[in-house]
Amino acid sequence: MGITAIITAILSLFAGIGIFLIACQMMSTNLESASSNKLKSLFSKASGSKLLGVGIGTVGTAAIQSSGATTVMTIGFVNAGIISLAQAATIIYGANIGTTVTAQIVAMGMFGGNTISTSVIFSAFVGLGAFIALFAHKDIWKKVGGIFSGFGMLFVGLCLMSDSMSDFAAMESVKTFLASISNPVVLVLVGALLTAIIQSSSVMTSIALAMVVAGLINIDQGIFMTMGSNIGSCVVAIIAGVTSGRNAKRTALIHLFFNVSGVVIFLILEGFLWLITSGHFTYGLLFGQWFPGVPQIQLAMFHTVFNVCTVIIMLPLTNLLVSFVCKLVPDDANPIDPDAPHCYFIDDNLLQTPPVALQQTKLEIMNMAAIAKENFDRALQIICTMDFTEEPIFKKREAELNYLNQAIVDFVVKLSEKRQLSQHDRQYISTTYRSVRDLERVGDYAENIVEYADSLRAENQHFSKNAVEEIQHLRSLISALYEEVMDTYENDDFSALARANLLEDQIDDLSRAMEDNHISRLSEGVCTPSVGAQYLSLATNAERIADHFINVAKTIKSYSEQNV
């Protein structure tokens, strides 16, 4: 074979790998985006049940076609404190099973013979998806088109890789070289290294499948390289864990130890069976007997059996594994103050899955709103009762609001740079800046109210009974408005916004009535001018708080109307 043919084969291989990687990303992005709500709900159900965690990891990974994305997403949830380390471990176990779906799909695409190749049939999905995306008006159908196109591109890439492998198979020197690599450990290391470079175990497994079918390597060599790909796939998680918190590092180590343990167990088991059968047992021989004449199915089925068996072996040992990694990555001698301001739902690792990160951002903003409302209530309680017992809690929560204001904006800026987001998602992101600013202002006005209380305390003054009753009435109206606003924000329920607008009108009327009533009390000598000044300022601040809350709902309404 000439130099031109060799270069062509190498370029075809690189082209196939590139198309396959883009296809995986394309499918993953559109599947994540189309199912982000269900995906988030799925992960939030990870509880004390280990089997449920495995099932969630399996279904989630099969759905988005990326064990790397599932693992990094899991690290993000652990780092944000949404799931425990043990729950994360079981989800990662399931992710290893879910990723075998890709190998099974690729193996199915390698059938053909004298009929139309299944790879060609599946490749036609590129055109189908392109037509759907081109002529669709709704965002969901554009995503469906992207999913179909990504699915088809998997097989376009596979065809290029298979053709290049057939060219390499015609070179005796290449076949001789590959045949000389028979050491299982070396093959495992080769598979791990190539996967670490490509950063996709699915691509590595597909390359191994193409090599086996082309006759470049035998089934046993393919099996060991596939086992190595499991170890190489840990690189993504390790990178994510190193740059994150302590539990994220532990999660990455769990992923590494789990995959390495599976490989070691299977290598030892084959070595033992090979010895007792005097060299008449290998996994290749076993799966060759189970699935004769179809090497692609033999390798794909081994990949699935290997991961399922590893999960069965390691699942009862999860608590021990968690304890072990906790000893390897111990808590600091001077731990971070758990009461220090922090995010509750967002973490930079979630940026690897933008649609899920978007959902988490919405939850974080709703959490910020709850903190702001809670502090407003606390401020009114302080000034009405002149009991400053909760003032330290108020200051702590105000510091938290200031922290969230900056943290959410920083996170959203990073999220907005992700190309995987749809136009609909980007429009929502544009609303978050104003929503966060409005909620931060609620906190500032609540802080003003506590300062008014401090002034009253310094003068040994307090509000009259009638004034307190009016404030409590105002508080109840703002609480009702807040509930309607959050209903609008969470569920896009604009009937709730209509009710909130009516409540805002009542709050405006009440704040004006409070001014009139204050003047009457002042003329009657019930209150002093200095107390009255604080009272009027409170009424004004409370009315502005209501405005900022309703701004959040109005922004969402404006955003939703753009997407009708």
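Heavy atoms only: backbone and side chains are in, while hydrogens, waters and symmetry mates are out. Computed from a predicted structure; not experimentally measured.
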Go through the steps for Q406 and D410 under the test side chain to side chain donor-acceptor pair (under 3.5 Å), then give the verdict.
CA-CA 6 Å; Q406 189 60 52; D410 289 346; 2.9 Å; yes

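- The pair D444-R441 counts as a salt bridge, with a side-chain nitrogen and a carboxylate oxygen less than 4.0 angstrom apart.
- Listed here is the closest heavy atom pair of K418 and L351: CE-O, 3.5 Å.
- Counting heavy atoms from C-beta on, the side chains of T58 and V101 never come closer than 4.5 Å.
- When atom types are taken as modelled, the side chain of R250 and the backbone of L85 share no donor-acceptor pair closer than 3.5 angstrom.
- Of the possible polar contacts, none joining the Q506 side chain to the L477 backbone as a donor-acceptor pair under 3.5 Å is found.
- Panel note: side chain N375, backbone G443; no donor-acceptor pair is recorded below 3.5 Å.
- Taken from OH in Y344 to CD in Q360, the straight-line distance is 14.5 Å, to the nearest 0.5 Å.
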Under the salt bridge (Lys or Arg N to Asp or Glu O under 4.0 Å) rule, what do R544 and D547 come out as? Steps first, then yes or no, please.
CA-CA 5 Å; R544 288 174 180 169; D547 290 342; over 6 Å; no

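- Side-chain contact between Y489 and T555: absent, with no pair of heavy atoms (C-beta onward) separated by less than 4.5 Å.
- Distance alone, capped at 3.5 Å, is enough to place a donor-acceptor pair between the N517 side chain and the A513 backbone.
- With hydrogens and angles left out, the side-chain atoms of K373 and S479 include a donor and acceptor closer than 3.5 Å.
- Annotation: side chain of E451 is in contact with side chain of E447 (closest heavy-atom distance under 4.5 Å).
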Under the criterion salt bridge (Lys or Arg N to Asp or Glu O under 4.0 Å), I'd like the reasoning laid out for R457 against D454: C-alpha separation, chi angles, the key distance, then a yes or no.
CA-CA 5 Å; R457 178 170 59 176; D454 279 328; 2.8 Å; yes

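- Residue N460 qualifies as open at atom CG: its count of foreign heavy atoms under 6.0 Å is 12 or below.
- Expressed to the nearest 0.5 Å, how far CD of E364 lies from CG of L350 amounts to 10.5 Å.
- Once rounded to the nearest 0.5 Å, the distance linking CD1 of I75 with CD1 of I92 reads 6.0 Å.
- With hydrogens and angles ignored, the 3.5 Å screen pairs a side-chain donor or acceptor of T488 with a backbone N or O of E484.
- Ring-centre distance between Y452 and Y535: not below the 6.0 Å cut-off.
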Side chain to side chain contact (heavy atoms under 4.5 Å, CB included) between F376 and L380: does it pass, once the steps are laid out?
CA-CA 6 Å; F376 168 63; L380 291 186; 3.4 Å; yes

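- Looking only at side-chain heavy atoms (C-beta outward), L439 and F549 come within less than 4.5 Å of each other.
- Note that CD1 of I507 and CD1 of I478 are 5.0 Å apart. Values are rounded to the nearest 0.5 Å.
- Looking only at distances, a side-chain donor or acceptor of R426 sits under 3.5 Å from a matching main-chain atom of S416.
- Residues D493 and M486 fail the side-chain proximity criterion, which asks for heavy atoms closer than 4.5 Å.
- Checked for salt-bridge contact, E400 and K396 miss the test: no charged N lies under 4.0 Å from a carboxylate O.
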Residues I91, I83; criterion side chain to side chain contact (heavy atoms under 4.5 Å, CB included); working and verdict
CA-CA 10 Å; I91 292 173; I83 59 176; 4.0 Å; yes

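- With respect to E398 and K395, no salt bridge is recorded, no charged nitrogen being found less than 4.0 Å from a carboxylate O.
- Residue E391 holds its CD atom at 8.5 Å from CZ of F394, rounded to the nearest 0.5 Å.
- The main-chain N or O of T389 is found under 3.5 Å from a side-chain atom of D387 such that the two form a donor-acceptor pair.
- The minimum heavy-atom distance between A133 and K142, with the atom names listed, is O-NZ, 3.5 Å.
- In this structure, OG1 in T431 is found 10.0 Å from CZ in R434, a value given to the nearest 0.5 Å.
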Side chain to side chain contact (heavy atoms under 4.5 Å, CB included), that's the test. Do V485 and L497 meet it? Break it down for me.
CA-CA 6 Å; V485 164; L497 177 57; 5.7 Å; no

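- What you find for V325 and L253 is that their closest heavy atoms are CG1-CB, 3.9 Å.
- Residues S537 and N448 fail the side-chain proximity criterion, which asks for heavy atoms closer than 4.5 Å.
- E440 and M368 make their closest contact through N-CE, 3.9 Å (heavy atoms, listed as atom of the first residue, atom of the second, distance).
- In terms of modelled atom types and a separation under 3.5 Å, the side chain of E483 and the main chain of A480 share no donor-acceptor contact.
- For Y433 and R437, the side-chain atoms include no donor-acceptor pair closer than 3.5 Å.
- Looking at M314 and L317, their side chains come closer than 4.5 Å, going by heavy atoms from C-beta outward.
- The backbone N or O of M514 sits nowhere less than 3.5 Å from a side-chain atom of E470 that would complete a donor-acceptor pair.
- A donor-acceptor pair under 3.5 Å is absent between the side-chain atoms of T99 and the main chain of A95, judged by distance alone.
- Contact detail for T251 and A88: the closest heavy-atom pair is CG2-CB, 4.1 Å.
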Intermediate values then yes/no, side chain to side chain contact (heavy atoms under 4.5 Å, CB included), T90 and V311:
CA-CA 9 Å; T90 59; V311 170; over 6 Å; no

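- At least one side-chain heavy atom of L456 sits under 4.5 Å from a side-chain heavy atom of F463.
- Minimum heavy-atom separation, S201 to S229: CB-O, 3.8 Å.
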